[in-house]
Structures are given as structure tokens and as C-alpha cells.
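Numbers for residues simply follow the sequence, beginning at 1.
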Amino acid sequence: MLAQLGAQLGGIAFLVAPVFGLIGLGYVASRGGLLREKAAEGLSEYVFGLAVPVLIFKTLAEAQLPAEGQPWGYWIAYFTGAFTVFALGMLAARKLFHRDHTEAVIQGFTSGQANTVFVGVPLILTAFGPEGAVPLFLLIAIHLPVMMVVATVLTEGAASGLSLAGLKKLGRQLAYNPILLGIYAGGIAKVIGYAPDGLLKQTIDMLAASASPCALVSLGLALHRYPIRGDIAPAAVMTTLKLVVHPALVFGLVQVLPMPKVWADVAVVFAAMPSGINAYLLAQRYRVGVTASASAVSLSTALSLFTVSVWFLILGVG
């Protein structure tokens with residue numbers, strides 16, 4: 001038994017250490033001045049605008065979709081957990097920390113919105129390989145739009161009615177979001193049976209291979225820009241909701257809702273991802289809760305090294 005546990009822990013370390021090692025490398029490079037802020041911005045734009053969309057296109061175009069169709073339990077399990085912690089984050093902000101409605105929405109969003117691109121993609125693909133790619137990218141396809149729309153509706157509809165102009169702007173941003181464009185292109189390619197070959201395939205393969213390491217280094221650079229700098233109590237609550245409560249709820253639901261085992265595991269690990277930088281950007285947009293959201297992003301990312309390892313142990317991954 002001990003030997004089996006030791007072997008599993010060794011396997012988990014083999015999965016997790018390179019991922020968080022590259023995040024740490026990016027952080028150290030930024031803190032030491034080896035890479036400046038311009039490099040951080042440029043690398044982030046490359047990852048988000050080109051490398052990850054190409055990886056998504058390649059994966060979906062070549063993927064084997066489940067013959068039985070969409071396992072709806074997968075969506076129900078994940079989003080039930082996401083919106084539960086969203087609501088709990090808002091409740092904690094209002095009742096425990098006495099924040100106004102807008103900041104409560106920001107804290108709820110931070111509690112429920114996962115870092116899917118910079119941590120989720122590298123970690124889940126490393127852990128589950130091609131078998132986990134389809135559930136991962138299908139969830140990414142609707143995760144950000146759903147969470148952003150809900151946060152925007154709750155924020156802009158609070159005072160004097162929902163802003164149609166605000167929703168139109170959000171719609172345009174989502175329509176031209178590079179990640180979603182990669183998903184649309186990959187889905188269309190799969191439907192029509194198109195698979196790149198020859199020189200185009202070699203180019204796509206090279207770009208796709210760069211996505212994960214560049215995303216992780218980019219996140220490390222970003223963490224130096226968004227340090228843990230105050231509002232620690234709200235940040236700790238949001239971190240707990242994101243890293244512990246969210247995956248625990250999803251884990252409980254995937255035990256009773258029908259779906260393939262790998263889809264269930266991907267849902268739990270996806271839920272266990274740290275808070276995404278989009279939470280900080282949303283706080284910046286509304287000029288509230290900036291310190292708390294930045295601290296939660298950095299704190300949850302640092303602690304996720306340990307919490308994700310625990311979830312891998314519970315799931316039997318490694």
C-alpha cells in the first residue's frame with residue numbers, strides 16, 4: 001500500500017513539477033530583471049492570440065469525439081459548482097467584508113472563474129493527454145463567455161438597468177476572442193473532415209508545441225506584476241472557494257451524474273484551477289476590488305501547486 005502511494009505521489013510530482021517550475025522560472029526571470037514588462041506583455045499576447053488558438057484548432061480538428069454525444073452531466077456538474085462558489089463569493093463580500101454590490105460581483109467572479117488557458121491547458125493536457133483534450137476545450141469554449149456574461153449582467157444591471165451598449169461591446173469582444181476563434185475553426189474543420197497536412201501541418205505542430213511552455217512562463221511573469229499586496233482576508237476566502245470548495249462540489253456531482261471517467265476527472269481538475277487573471281482585468285475595468293482580486297489570483301496560483309496535487313491524488317492520477 002505504501003509503495004503504491006509512493007509511486008502515485010512520484011507520478012503526480014512528475015506531472016506537476018515541470019508545470020509549476022516553468023511558472024516559477026517566469027516569476028524569477030521577471031523579478032530578477034532578466035525579462036522586462038514589455039516581454040511579459042508580448043509573450044502573453046503571443047500565447048493568447050496565436051499559440052493557444054492554434055493548439056486548440058489542431059486538437060479539435062484531430063480529435064475523436066464521443067460516439068454517444070455530449071454527456072450533459074459534465075456541463076451540469078461543472079457549472080453548478082462554478083455558480084455556487086460565485087454566489088458564495090458574493091455573499092462573503094457583502095456579509096463578511098461589507099463591500100458594495102459591484103465589488104461583491106468581482107469577488108464572486110474571482111471565486112468561480114478558473115485560469116483555463118495559462119494553467120488549465122498545460123496541466124490537463126499533461127495529465128490526461130489527447131483523451132482529455134476534447135472535454136477540456138469544449139469546456140473552455142463556453143466557460144469564459146458564460147462567466148463573463150453573468151458577471152457583466154450582474155454588474156451593469158445593478159443600478160439603472162442593463163446597458164445594451166455594454167452587452168454589445170462584450171459580444172464583440174467574445175466574437176473576436178482568439179481562443180474562441182480557434183475553437184470555432186477546429187470545430188468546423190472536424191465537421192467537414194479537414195485535417196492539415198504537409199508544410200501547413202508542420203507549422204501548426206510547431207506553434208502548438210510552443211503554447212504550453214510559453215503560457216506557463218507568461219503566467220510567472222504576470223504574477224510578478226500582480227503581487228499579493230493587500231485585502232488578504234477576502235483573497236483568502238476567494239482562494240478557498242476556488243481551490244477547495246469548487247472542485248469538491250464538482251467531485252461530488254460527477255459521482256452521481258453520467259459521463260465518461262476522463263470527462264469527470266477533467267471537470268474536477270478544471271474546477272481546481274486557480275483564479276484567472278480575467279478577474280483582475282474585470283476589477284480594473286470597474287475600478288473596484290482591484291487589490292483583492294490581484295491578491296486572490298497570485299495567492300490561488302501559488303497554493304494550487306499543493307491543492308492540485310491533492311486532487312490528482314484523490315482522482316488516482318499519476
Side-chain angles (χ1 to χ4, degrees), residues 8-9 11-13 15-16 19-20 23 71-92 107-128 131-133 135-140 142-144 146-147 150 219 234-279 293 296-318:
Q8 187 181 358
L9 289 174
I12 292 171
L15 290 173
V16 171
V19 170
F20 286 91
I23 295 174
W72 290 104
Y74 177 68
W75 309 105
I76 294 169
Y78 182 82
F79 282 106
T80 297
F83 287 121
T84 299
V85 295
F86 197 132
L88 291 173
M90 289 185 64
L91 184 65
Q107 292 195 19
F109 181 75
T110 307
S111 303
Q113 197 260 335
N115 191 330
T116 57
V117 173
F118 292 96
V119 182
V121 168
L123 196 56
I124 290 173
L125 290 182
T126 300
F128 301 105
E131 194 178 3
L136 168 64
F137 291 132
L138 288 178
L139 186 49
I140 286 176
I142 64 171
H143 173 261
L144 179 61
V146 168
M147 300 299 286
V150 170
L219 177 60
V237 170
M238 290 183 276
T239 296
T240 301
L241 289 171
K242 188 71 211 66
L243 299 182
V244 179
V245 180
H246 189 184
L249 289 171
V250 175
F251 178 76
L253 288 168
V254 299
Q255 308 306 310
V256 296
L257 294 170
M259 70 191 78
K261 175 68 165 59
V262 70
W263 288 59
D265 289 350
V266 167
V268 174
V269 176
F270 198 108
M273 291 298 99
S275 300
I277 290 175
N278 279 315
S293 61
V297 169
S298 294
L299 181 62
S300 64
T301 302
L303 293 180
S304 65
L305 167 62
F306 306 101
T307 57
V308 168
S309 298
V310 172
W311 284 111
F312 277 153
L313 185 64
I314 292 170
L315 296 171
V317 177

Judged by atom type as modelled, is there a donor-acceptor pair below 3.5 Å linking the side chain of [X] to the main-chain atoms of [Y]?
X      : Y      : answer
Lys242 : Ala271 : yes
Thr110 : Ser293 : no
Ser304 : Thr301 : yes
Thr116 : Ile140 : no

Of all the heavy-atom pairs spanning [X] and [Y], show the shortest one and how long it is.
X      : Y      : answer
Met259 : Ala264 : SD-CA, 3.6 Å
Leu241 : Ser111 : CD1-OG, 3.6 Å
Ile124 : Gly132 : CG2-O, 4.4 Å
Met147 : Gln113 : CE-N, 4.0 Å
Ala77  : Leu253 : O-CD1, 3.6 Å
Ser300 : Ser275 : OG-N, 3.1 Å

Give the ring-plane orientation class for Phe312 versus Phe128, where under 30° counts as parallel, over 60° as perpendicular and anything between as tilted.
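Plane angle over 60°, so perpendicular.
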Report the C-alpha distance between Leu243 and Trp311 in whole Å, list the side-chain angles of each, state the deciding distance to 0.1 Å, and finish with yes or no for side chain to side chain contact (heavy atoms under 4.5 Å, CB included).
CA-CA 10 Å; Leu243 299 182; Trp311 284 111; over 6 Å; no
I would like to know whether Leu305 and Ile23 meet side chain to side chain contact (heavy atoms under 4.5 Å, CB included); could you show each step before the answer?
CA-CA 10 Å; Leu305 167 62; Ile23 295 174; over 6 Å; no
N/O donor-acceptor pairs under 3.5 Å from side chains in residues 78-90, not counting sequence neighbours:
residue, atom, partner, partner atom, Å
Tyr78, OH, His143, NE2, 3.3
Thr80, OG1, Ile76, O, 2.6
Thr84, OG1, Thr80, O, 2.6

Is there a side-chain contact between Leu315 and Val268 (heavy atoms, below 4.5 Å)?
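Yes, close enough: below the 4.5 Å cut-off.
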Please tell me if the side chains of Leu123 and Met273 come closer than 4.5 Å, counting only heavy atoms from C-beta onward.
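The answer is yes, as the side chains (C-beta and beyond) meet within the 4.5 Å cut-off.
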Let me confirm one number: the CG-CZ distance from Asp265 to Phe270, rounded to the nearest 0.5 Å.
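Between Asp265 CG and Phe270 CZ, I get 14.5 Å after rounding to 0.5 Å.
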Rounded to the nearest 0.5 Å, what separates atom CD1 in Ile314 from atom OG in Ser309?
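Nearest 0.5 Å value for the CD1-OG distance: 11.0 Å.
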Apply side chain to side chain contact (heavy atoms under 4.5 Å, CB included) to residues Leu125 and Phe137 and explain how you reach the verdict.
CA-CA 10 Å; Leu125 290 182; Phe137 291 132; 4.2 Å; yes
Evaluate Trp263 against Val254 for side chain to side chain contact (heavy atoms under 4.5 Å, CB included), listing each step before the verdict.
CA-CA 9 Å; Trp263 288 59; Val254 299; over 6 Å; no
